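A short write-up of the structure that comes next.
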Amino acid sequence: LSEPLIRLQADGSVDGGFAPVASGIQRVEQLVRLPGGAFLAWGQETNTGTVRTFVQRRLPSGAIDSTFQPNLPESVVIHAMAAGDDGAVWIAGRFTEFLGVARTNLVRLTPALEVDLAWESPAASETIELRAVAVGDDGRIAIGGSVARPFPTGYLAVLQPDGTPD
């Protein structure tokens with residue numbers, strides 16, 4: 001397969017009706033399903049000759065949603081994404097801002113894919129780089145990665161839904 005993004009049918013065959021445009025994409029690292037069948041994809045692209053991180057909202061057809069086209073600075077590194085039951089998305093990695101808003105290594109996007117200005121985790125700002133994020137059924141968020149000083153639980157922490165340490 002030459003495309004970095006495909007969709008499989010229930011029987012394992014490639015869905016010919018799924019037509020993503022993958023121009024410049026070098027590799028897709030992760031997909032997160034959004035309500036309504038859309039999804040977020042992140043990975044590496046080389047559109048400008050420089051390898052950089054991208055994040056895209058894809059429609060159920062695979063087409064890029066032109067209403068969500070973040071231009072991430074080269075300094076943004078994404079390592080993981082997770083979606084909550086409410087449609088919010090958490091993005092973990094190494095960054096000091098996301099979509100123009102100051103956030104350190106963990107950001108919560110609203111279902112409209114805007115930075116949630118009411119949510120920020122002081123625990124995440126103590127990290128050097130986050131490599132994992134998961135959201136539980138109860139809304140608590142598990143994070144893991146490199147930290148300047150270990151959390152009481154080591155290199156893995158659980159946050160309450162409001163971002164405070166559990």
Side-chain angles (χ1 to χ4, degrees), residues 4-12 15 17-20 25 27-44 53-72 76-127 129-147 151-166:
L5 190 59
I6 62 169
R7 181 170 57 198
L8 301 177
Q9 303 278 14
D11 66 1
D15 180 353
F18 184 72
I25 293 178
R27 68 178 181 260
V28 175
E29 297 285 351
Q30 186 179 5
L31 305 171
V32 173
R33 187 176 170 89
L34 300 173
F39 57 95
L40 279 186
W42 77 266
Q44 302 294 314
T53 299
F54 76 87
V55 61
Q56 299 172 334
R57 181 177 189 268
R58 294 289 185 135
L59 302 174
S61 66
I64 296 172
D65 180 351
S66 62
T67 66
F68 181 71
Q69 299 251 343
N71 185 16
L72 300 177
V76 170
V77 176
I78 296 174
H79 288 300
M81 295 189 304
D85 290 340
D86 63 353
V89 175
W90 283 262
I91 298 177
R94 186 180 68 239
F95 46 85
T96 55
E97 73 169 54
F98 202 87
L99 302 180
V101 178
R103 291 292 185 268
T104 302
N105 302 335
L106 183 65
V107 64
R108 181 184 190 274
L109 302 182
T110 67
L113 300 180
E114 298 168 343
V115 173
D116 184 342
L117 299 176
W119 193 94
E120 186 170 10
S121 175
S125 66
E126 304 248 343
T127 64
E129 183 171 34
L130 287 176
R131 294 198 162 265
V133 62
V135 181
D137 292 339
D138 60 359
R140 294 187 307 161
I141 304 110
I143 58 173
S146 302
V147 294
F151 300 116
T153 54
Y155 297 98
L156 176 68
V158 177
L159 308 176
Q160 291 291 331
D162 67 0
T164 58
D166 189 19

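Keep in mind that what you see is a predicted model, and the values were worked out from it rather than measured.
Residue Asp15 holds its CG atom at 8.5 Å from CG of Leu8, rounded to the nearest 0.5 Å. Taking CD of Glu97 as the start and OG1 of Thr104 as the end, the distance is 10.0 Å to the nearest 0.5 Å. Taking CG of Leu130 as the start and CD1 of Ile91 as the end, the distance is 12.5 Å to the nearest 0.5 Å. In this structure, CG in Asp85 is found 6.0 Å from CG in Asp137, a value given to the nearest 0.5 Å. Rounding to the nearest 0.5 Å places CZ of Phe95 at 7.0 Å from CD1 of Ile78.
Side-chain contact check for Pro165 versus Gln160: every heavy-atom pair is 4.5 Å or farther apart. Leu99 places a side-chain heavy atom less than 4.5 Å from the side chain of Phe68. In this structure, the side chains of Leu31 and Arg33 stay at 4.5 Å or more apart for every pair of heavy atoms. Annotation: side chain of Val89 is not in contact with side chain of Arg108 (no heavy-atom distance under 4.5 Å). Leu113 is not listed as a side-chain neighbour of Asp65, based on a closest heavy-atom distance of 4.5 Å or more. Between Phe98 and Leu72, the closest side-chain pair of non-hydrogen atoms falls below 4.5 Å.
In this structure, Ala132 and Ala92 approach most closely via the heavy-atom pair O-CB, 4.3 Å. Taking every heavy atom of both residues into account, Pro60 and Gly36 meet most closely at CG-O, 3.5 Å. For Ile141 against Pro161, the heavy-atom pair with the smallest separation is CD1-CA, 4.0 Å. Counting all heavy atoms, side chain and backbone alike, Pro111 lies closest to Ala88 at CG-N, 4.0 Å. Taking all atoms of both residues into account, the shortest heavy-atom contact from Gln30 to His79 is OE1-O, 4.3 Å.
A donor-acceptor pair is defined here as one N or O able to donate and one able to accept, closer than 3.5 Å; no such pair exists between the side chain of Arg57 and the backbone of Thr67.
Residue Asp138 places its CG atom among more than 12 non-hydrogen atoms of other residues, nucleotides or ligands, all under 6.0 Å distant.
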Going through the distances and angles, do Leu106 and Leu159 end up as a side-chain contact (heavy atoms from CB on, under 4.5 Å)? CA-CA 11 Å; Leu106 183 65; Leu159 308 176; 3.9 Å; yes
Show the numbers, then the answer: is there a side-chain contact (heavy atoms from CB on, under 4.5 Å) between Gln56 and Leu40? CA-CA 6 Å; Gln56 299 172 334; Leu40 279 186; over 6 Å; no
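The existence of a salt bridge linking Arg103 and Asp116 is excluded, since no basic side-chain nitrogen approaches an acidic carboxylate oxygen closer than 4.0 Å.
Between Glu29 and Trp42, the side chains place no donor N or O within less than 3.5 Å of an acceptor N or O (distance only, hydrogens not considered).
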